Amino acid sequence: MDSFNKVVEVGEVASKFFHGMTLMFGGFGGVGTPPTLIDCLIESEVSDVHLIGNDAGFPWIGIGKFVVLGRAASLIASHIGSNPVAGQLMQEGKLVVEFSPQGILVERMRAGGSGIPGFASEVGIGTKLSYEKPVLDIDGKEYLFESALTADVGIVHARKADRYGNLVFNKTAQNTNPYVAMASQTTIVEAEQIVEVGSLEPDEIHLPGIYINFIIPSEGINWKWVWET
Amino acid sequence: MDSFNKVVEVGEVASKFFHGMTLMFGGFGGVGTPPTLIDCLIESEVSDVHLIGNDAGFPWIGIGKFVVLGRAASLIASHIGSNPVAGQLMQEGKLVVEFSPQGILVERMRAGGSGIPGFASEVGIGTKLSYEKPVLDIDGKEYLFESALTADVGIVHARKADRYGNLVFNKTAQNTNPYVAMASQTTIVEAEQIVEVGSLEPDEIHLPGIYINFIIPSEGINWKWVWET
Amino acid sequence: MGDVRRMIAARAAKEIEDGMVVNLGIGIPSLIPDYLRPETKVFFQAENGILGMGPTPVNNADGDLINAAGYPVTVVPGASYFDSALAFGMIRGGYIDLSILGALEVSAEGDLANWLVPGKRVPGVGGAMELAYGARQLIAVMQHVGKDGSPKIVRECRLPLTARKCVSRIITEKAVFAIEPDGLHLLEIMEGSTLEDIVNSTEADLIIDVS
Amino acid sequence: MGDVRRMIAARAAKEIEDGMVVNLGIGIPSLIPDYLRPETKVFFQAENGILGMGPTPVNNADGDLINAAGYPVTVVPGASYFDSALAFGMIRGGYIDLSILGALEVSAEGDLANWLVPGKRVPGVGGAMELAYGARQLIAVMQHVGKDGSPKIVRECRLPLTARKCVSRIITEKAVFAIEPDGLHLLEIMEGSTLEDIVNSTEADLIIDVS
């Protein structure tokens with residue numbers, strides 16, 4: 001592989017998905033979730049997938065399109081309220097859901113991508129979410145230990161990518177994407193625009209291409225947002 | 001104070017420095033250390049200062065200009081090799097130095113500014129630097145606990161600031177500056193250029209102005225770099 | 001009921017002062033900006049990555065410019081975009097002056113329950129725990145009693161907690177309360193309500209500061 | 001001595017393969033780019049915040065564009081700038097393919113000592129511990145023996161450690177070694193040196209793979 005040209009056809013990345021994989025996805029309520037890669041995942045027919053991401057999307061938006069097919073075995077997320085099918089699968093015992101406070105979740109992704117095994121937190125102490133977490137006693141104070149999260153495959157979305165994988169995000173579509181890229185063994189980015197190496201300003205790059213393995217061109221958003229319906 | 005116009009005269013910020021304060025400074029070998037604020041600190045005559053920053057600068061560059069005056073009581077840094085006077089003060093027992101691995105140091109600043117009490121690390125395990133750190137045992141694995149760092153006052157440097165304190169850094173002068181701003185109770189930025197609120201693109205801002213308390217105009221670098229001498 | 005929610009939002013808007021950075025939760029808090037004096041200088045933060053959020057766009061909504069509830073917004077001059085880790089770093093780090101969140105129950109000591117009703121639909125916790133932990137000041141807004149008439153301002157929360165001792169003020173359609181070290185103070189009786197009604201519909205003991 | 005250092009750098013340059021991301025330490029490693037084939041596609045990372053560092057500028061050095069040793073550099077097409085936390089996140093996270101660091105002592109098991117000589121000037125550890133921890137492959141470069149002729153490739157390091165079991169290869173002016181689970185392998189004898197000389201000036205036991 002030429003590390004200075006990571007652009008491939010959508011068809012080529014389908015083989016990166018595998019049965020039983022841990023898959024981390026960028027996005028917040030579907031915004032910043034890569035639509036073309038979601039369809040590619042659905043078409044790949046892999047199942048028993050362990051998902052990690054901010055939320056469960058909506059039944060017809062983002063990762064939600066995959067969740068409703070029942071091919072995810074588990075999900076680590078901060079909420080699933082926007083996807084009632086996810087809640088139903090959870091109640092039926094078909095989807096194991098672990099809730100993490102939203103910022104703690106993205107911080108755990110960052111830790112996983114930055115060689116930090118975990119961190120201390122006071123968020124959620126004494127609540128239902130803290131029961132299974134190790135408790136640290138540091139100088140007489142108690143903290144929860146929040147462990148790093150990593151994934152086999154990460155799918156992210158960017159406004160622009162150069163062929164090395166340097167990324168520029170757009171507005172609030174950045175959200176968890178940088179950390180998904182860092183924490184995943186194999187990271188695939190879907191970019192709205194692909195440009196030549198050297199055409200992005202070094203100071204305008206939000207995420208260096210070192211974290212990216214494959215780049216595919218986006219076919220654009222193919223769902224209706226809640227506020228459009 | 002008008003939070004939408006934090007620009008003040010240099011003279012006004014001198015009163016923010018105080019005897020015995022913990023002062024965090026941005027910069028890496030003096031690059032990205034604010035020269036006008038360093039002079040302001042020197043003129044303020046405060047002493048017994050507890051410094052936190054990447055390194056001790058050079059005797060005539062960056063924080064080094066202050067360190068050589070003997071008015072710092074302690075320094076947490078990753079190295080002091082470029083400032084022999086700092087080494088001498090340390091040997092004489094006049095400056096207490098705590099070494100932290102370079103990336104762990106900036107990560108501790110980030111933790112301090114992000115409400116994270118500390119984090120687990122494997123860097124430096126079994127070395128001289130690990131002796132006094134708490135050891136965590138998580139699922140049978142041992143980690144060092146690296147505690148968050150915070151400061152009373154932080155001094156940072158930026159290429160551009162708008163009057164709210166939104167910052168744009170220049171090239172490698174960014175380094176530790178964002179984290180110094182986050183981890184300090186009162187953060188003063190010295191900017192090469194000050195622009196009106198609304199004239200920076202929301203996606204070009206490297207650090208949101210929420211972290212900034214005061215902005216002063218820079219009078220420019222007033223030292224010779226090593227490679228210029 | 002819409003009127004009740006708008007009445008609470010209008011009262012909560014008065015808590016927002018010039019120069020504040022404010023994070024508003026979903027539900028009733030999202031109605032608050034409609035009741036701000038237009039000259040108020042305030043920056044709204046959205047935990048998905050905006051500081052300086054503006055009103056809903058009149059047209060040309062941008063699918064990449066969304067608030068934390070998933071709806072299109074605009075930005076004001078001086079706004080910045082950032083990733084979610086920085087957004088929550090701001091929140092946990094104490095940089096949000098005020099957060100106004102919807103609530104299911106609040107205790108006399110300021111414990112907040114707002115994320116989970118056992119046996120009902122499970123939405124998940126979202127960012128509420130971190131706002132409760134990190135915001136310098138937290139105001140809980142809610143209807144004074146449940147649909148069955150049961151009090152929501154209670155001695156001890158029965159629902160799973162979001163965070164302990166985090167709420168400093170409660171605003172309902174009947175009253176405004178402050179939580180102080182010595183207990184729950186009744187600060188203000190809203191128009192259309194009475195002291196007797198408030199005492200009867202509040203489980204927690206009250207220190208009455210109004211005449 | 002300059003020639004010895006350049007000889008080591010020239011040999012180390014051959015370890016850099018197309019497509020790698022490489023972090024070079026100060027001292028001998030900083031001389032390596034001079035010996036790369038110009039067509040090598042490599043990205044140099046600097047831990048102060050550059051990916052895609054280029055050569056020293058011929059003129060118009062920029063005080064804000066500096067390598068980790070404090071000297072002016074340029075950037076190549078595709079370069080990016082970032083803060084030090086991200087720079088070290090990359091390093092600890094295993095995104096640096098190869099780091100080449102100067103060394104004071106290396107043990108037969110790959111323990112590295114390169115930051116502190118007790119009783120001498122105390123420079124501090126800088127970023128060495130993290131490069132030793134995180135780089136996928138770590139090559140130590142150094143002169144084969146100390147100024148007093150004492151071996152620097154030792155059974156156990158006497159100097160304070162930077163990290164345990166991190167070095168995979170050692171390059172000196174006399175030889176190239178690989179550290180494998182079964183011990184220290186002599187891979188290559190440099191021009192001007194002999195097997196006898198290497199054995200005599202190396203404290204650690206050798207597995208000799210050269211004829």
Side-chain angles (χ1 to χ4, degrees), chain A residues 26-32 54-58 61 77-82 84 86-88 90-91 97 99-107 109-111 121-130 157 159 169-179 192 206-207 221 223 225-228, chain C residues 26 46-50 53 56-57 61-75 79-93 111-113 115-116 118-134 157 159-166:
Chain A
F28 196 112
V31 176
N54 183 68
D55 56 75
F58 293 80
I61 291 176
S78 70
H79 75 87
I80 60 170
S82 51
Q88 194 185 319
M90 178 180 152
Q91 305 285 14
V97 179
F99 288 118
S100 192
Q102 205 155 44
I104 295 298
L105 179 61
V106 65
E107 197 68 26
M109 294 177 181
R110 181 184 180 275
S121 168
E122 295 180 294
V123 175
I125 282 187
T127 72
K128 251 177 94 85
L129 290 194
S130 70
H157 180 267
R159 172 76 191 87
F169 300 108
N170 187 35
K171 303 186 183 86
T172 56
Q174 175 166 10
N175 54 62
T176 61
N177 277 295
Y179 304 103
E192 288 175 18
H206 289 126
L207 189 76
I221 297 288
W223 53 66
W225 296 110
V226 176
W227 43 272
E228 292 176 322
Chain C
I26 58 174
E47 64 268 28
N48 55 328
I50 317 176
M53 196 167 47
T56 304
D62 178 346
D64 281 350
L65 182 48
I66 297 291
N67 64 16
Y71 283 84
V73 291
T74 52
V75 289
S80 52
Y81 304 125
F82 35 85
D83 66 62
S84 313
L86 187 68
F88 279 97
M90 271 178 203
I91 292 171
R92 284 189 313 267
D111 294 353
L112 172 69
W115 74 282
L116 183 60
K120 294 219 178 159
R121 182 164 149 266
V122 180
V125 68
M129 283 187 180
E130 285 166 300
L131 285 161
Y133 168 75
C157 291
L159 294 174
L161 287 186
T162 305
R164 289 201 185 275
K165 294 186 182 182
C166 56

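On a predicted model such as this, the values are computed, not experimentally measured, just so you know. Here is how names work: the chains are called A, B, and so on, in the same order as the sequence lines, proteins then strands, and each is numbered from 1.
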Handout entry: Pick from C:Glu47, C:Arg164, C:Glu130 with the largest number of heavy-atom pairs that fall under 4.5 Å of chain A
Key = C:Glu130
Practice task
Would you name the heavy atoms of C:Asp64 and A:Lys171 that are closest together and state the gap between them?
Solution key: O-CB, 3.2 Å
Handout entry: Between C:Pro72, C:Gly49, C:Ala61, C:Ala163, the one whose heavy-atom pairs under 4.5 Å with chain A are most numerous
Key = C:Pro72
Handout entry: chain A contact via C:Ala68 - side chain, backbone, both or neither, heavy atoms under 4.5 Å
Key = both
Completion exercise
Residue from C:Ala128, C:Ala132, C:Gly126 scoring the most non-hydrogen pairs under 4.5 Å with chain A is C:Gly126
Handout entry: C:Pro160 versus chain A, the contacting section by heavy-atom distance below 4.5 Å
Key = side chain
Completion exercise
So OH of C:Tyr81 and NE2 of A:His206: to nearest 0.5 Å the spacing works out to 11.0 Å
Problem - All side chain to side chain donor-acceptor pair (under 3.5 Å) counterparts of A:Tyr179, not counting sequence neighbours - result: C:Asp83
Exercise for the section: Using a 4.5 Å cut-off on heavy atoms from C-beta on, say whether the side chain of A:Thr172 contacts that of C:Met53. Expected result: no
Practice task
Would you give the length of the straight line joining atom CG of C:Asp62 to atom CG of A:Asn170, rounded to the nearest 0.5 angstrom?
Solution key: 6.0 Å
Exercise for the section: Search all heavy atoms of A:Phe99 against all heavy atoms of C:Pro123 and return the closest pair with its distance. Expected result: CE2-O, 4.1 Å
Fill in the blank from the handout: Rounding to 0.5 Å, atoms OG (A:Ser130) and CE (C:Met129) come to a distance of 8.0 Å
Handout entry: 4.5 Å side-chain heavy-atom contact, A:Phe28 and C:Ile66
Key = no
Handout entry: Interface moiety of A:Ile104 toward chain C, non-hydrogen atoms closer than 4.5 Å
Key = both
Fill in the blank from the handout: Correct closest heavy-atom pair for C:Ala85 and A:Glu107 would be CB-OE1, 4.2 Å
Handout entry: C:Thr162 vs A:Thr127 side-chain heavy atoms within contact, under 4.5 Å
Key = no
Handout entry: From A:Leu129 atom CG to C:Leu161 atom CG, the distance as rounded to the nearest 0.5 Å
Key = 11.0 Å
Handout entry: Atom CG of C:Leu159 with >12 non-hydrogen neighbours under 6.0 angstrom
Key = yes
Problem - Smallest separation among heavy atoms of C:Gly63 and A:Trp227, with atom names - result: CA-CZ2, 3.9 Å
Fill in the blank from the handout: Residue from A:Pro178, A:Gly126, A:Gly103, A:Ser100 scoring the most non-hydrogen pairs under 4.5 Å with chain C is A:Gly103
